[in-house]
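Below, read A as the first sequence line, B as the second, and so on, with proteins coming before strands; counting in each chain starts at 1. All figures in this text were calculated on a predicted structure; none of them were measured in a lab.
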Protein chains: 2
Amino acid sequence: MLDIPNRDRRTERRKATREEILDAAWELVRSNGLAALSLRDLAHVVGLKAPSLYSYFDSKNAIFDAMFAQGGRAYLEQEALVESTGDPLTDLKAGMRFFIEFCTSDPARYQLMFQRTIPGFEPSPATFAIAIEGLDRLRARLARIGLTDQRSLDLLTAIGTGITDQQISNDPGSDRWTRLVDEAMEMYFAHASETTIRTNRGTT
Amino acid sequence: MLDIPNRDRRTERRKATREEILDAAWELVRSNGLAALSLRDLAHVVGLKAPSLYSYFDSKNAIFDAMFAQGGRAYLEQEALVESTGDPLTDLKAGMRFFIEFCTSDPARYQLMFQRTIPGFEPSPATFAIAIEGLDRLRARLARIGLTDQRSLDLLTAIGTGITDQQISNDPGSDRWTRLVDEAMEMYFAHASETTIRTNRGTT
DNA sequence: GTCTATATTTGGATAGAC
DNA sequence: GTCTATCCAAATATAGAC
């Protein structure tokens, strides 16, 4: 018998280092902000010199792209765990609680994925597809609840991002706005129900 | 008769140039974004070289500070023009329409004043005082409508900033979210009224 | 007050030795 | 794959002549 036929240790090591780099990048952007990420700092954290990073990523934006993709996959994974009860209001609350928790728990990630504040960065098509998949899941979830018209969905996303932004901007690390989620969803649900009924009456 | 006794032409000219510079700065940040403002570009627009700006402002942040103050004064002026009818819902709608219009009509100004995205910039105490005055006016307006508890105010600001952010981020220059203001305020008002009544019943 | 020239810093990115 | 050395670009800010 000869040696084990090329169980690519090299590729595995390479992948592991890539993940080390991305982990360090998250650490840095969480403490210094997204805009402050520099390749020198990043390399230093993982014990390399800046040019060595180019063996793993083509550019700084390629690193942002990989981070965006990680964020998208995390969203899909966690979103799948949100359980449906069949009761519209309960499910609406749970869905919104999840979204806001996902966003506020990592402001740097939120900034990267949902606000577009890095000059010159756009996710690659492959990465963007992950984000689109996330939006589709959200739309499907709301459709199951009975919400399909654009106007209602827009109002809902405004409430969700409003709570998220206020929480991140004005009370980071606490819950002054996030604790309003359930109340906000009750308010919204009452309104949406009434509007739908009224519309149906008008149409029939 | 001698010459007119020192009607400080020098000081007036200086002030005029300062305003020219600030006008040019607004122009640049509106078209290129707040973060992209450079002193070279700015100087070029007003027909100067970069170092000459230091005759008018101590630093780049001093320019941002002056812009912030201008924004604050504009807010106070325009806010004073919003008329009160005495009808709570009508006034609530008008107040929120004003706020959202003020913010969305100039995203760069909104970014400067309400989001804190410029690394290293904080408004000076004098400038910040203008912003505080604006917040006080807002609080007074809502108190006249009958809204005083923090929770209700927080929910309201979340809705306002949510509509603003979504409009700016996802449909700039149009009205996909801003047109929802009246509906959102009806929803909110119905909820706030109900909550208050319920609370009063519980208390009495 | 405005200019030229320059200091200083800080990035991203590349070349080529090892 | 990693390094040293370097390039290149952009930006704020200062010094000193005029």
Checklist entry - Is the centre of the Y188(A) ring less than 6.0 Å from the centre of the Y188(B) ring? => result no
Every protein N/O lying under 3.5 Å from an N/O of nucleotides 2-4 of chain D:
from	atom 1	to	atom 2	distance (Å)
dT2(D)	OP1	Y56(A)	OH	3.3
dT2(D)	OP2	Y56(A)	OH	2.7
dC3(D)	OP2	K49(A)	N	2.9
dC3(D)	OP2	S52(A)	OG	2.6

Checklist entry - What residues, two or more places apart in sequence or in another chain, satisfy side-chain contact (heavy atoms from CB on, under 4.5 Å) together with T90(A)? => result T85(A), D87(A)
Item to check | Short side-chain donor-acceptor distance under 3.5 Å, D165(B) and T161(A) | outcome: no
Checklist entry - Is a salt bridge present between D91(A) and R144(A), judged by a nitrogen-to-oxygen distance below 4.0 Å? => result no
Checklist outcome for this item: Atom CG of D58(A) and atom C1' of dT14(C) are separated, to the nearest Å, by 13 Å
Next on the checklist: Under 3.5 Å, is there a donor on one side chain and an acceptor on the other for E101(A) and T178(A)?
Outcome noted: no
Checklist entry - Base, sugar-phosphate, or nothing for L37(A), non-hydrogen atoms under 4.0 angstrom? => result sugar-phosphate
Next on the checklist: Expressed as a whole number of angstroms, how long is the span from L53(B):CG to dA13(D):P?
Outcome noted: 11 Å
Checklist entry - Atom CG of L42(A) and atom C1' of dT10(C): how far apart are they, to the nearest Å? => result 16 Å
Checklist entry - Between atom OH in Y54(A) and atom P in dA13(C), what is the gap in whole Å? => result 3 Å
Checklist outcome for this item: Here the distance between atom P of dA5(C) and atom CZ of R40(B), to the nearest Å, is 14 Å
Checklist entry - Out of dG1(C), dT12(D), dG12(C), which nucleotide sits closest to the side chain of R14(B)? => result dG1(C)
Item to check | Atom-to-atom span, NZ of K60(A) to P of dG12(C) - whole angstrom | outcome: 4 Å
Checklist entry - For the pair made of CG in N61(A) and P in dG11(C), what is the distance, rounded to whole Å? => result 16 Å
Next on the checklist: I'd like to know if E79(B) and R141(B) make a salt bridge, using a cut-off of under 4.0 Å between side-chain N and carboxylate O.
Outcome noted: yes
Checklist outcome for this item: K15(A) NZ to dG1(D) P, in whole Å, measures 15 Å
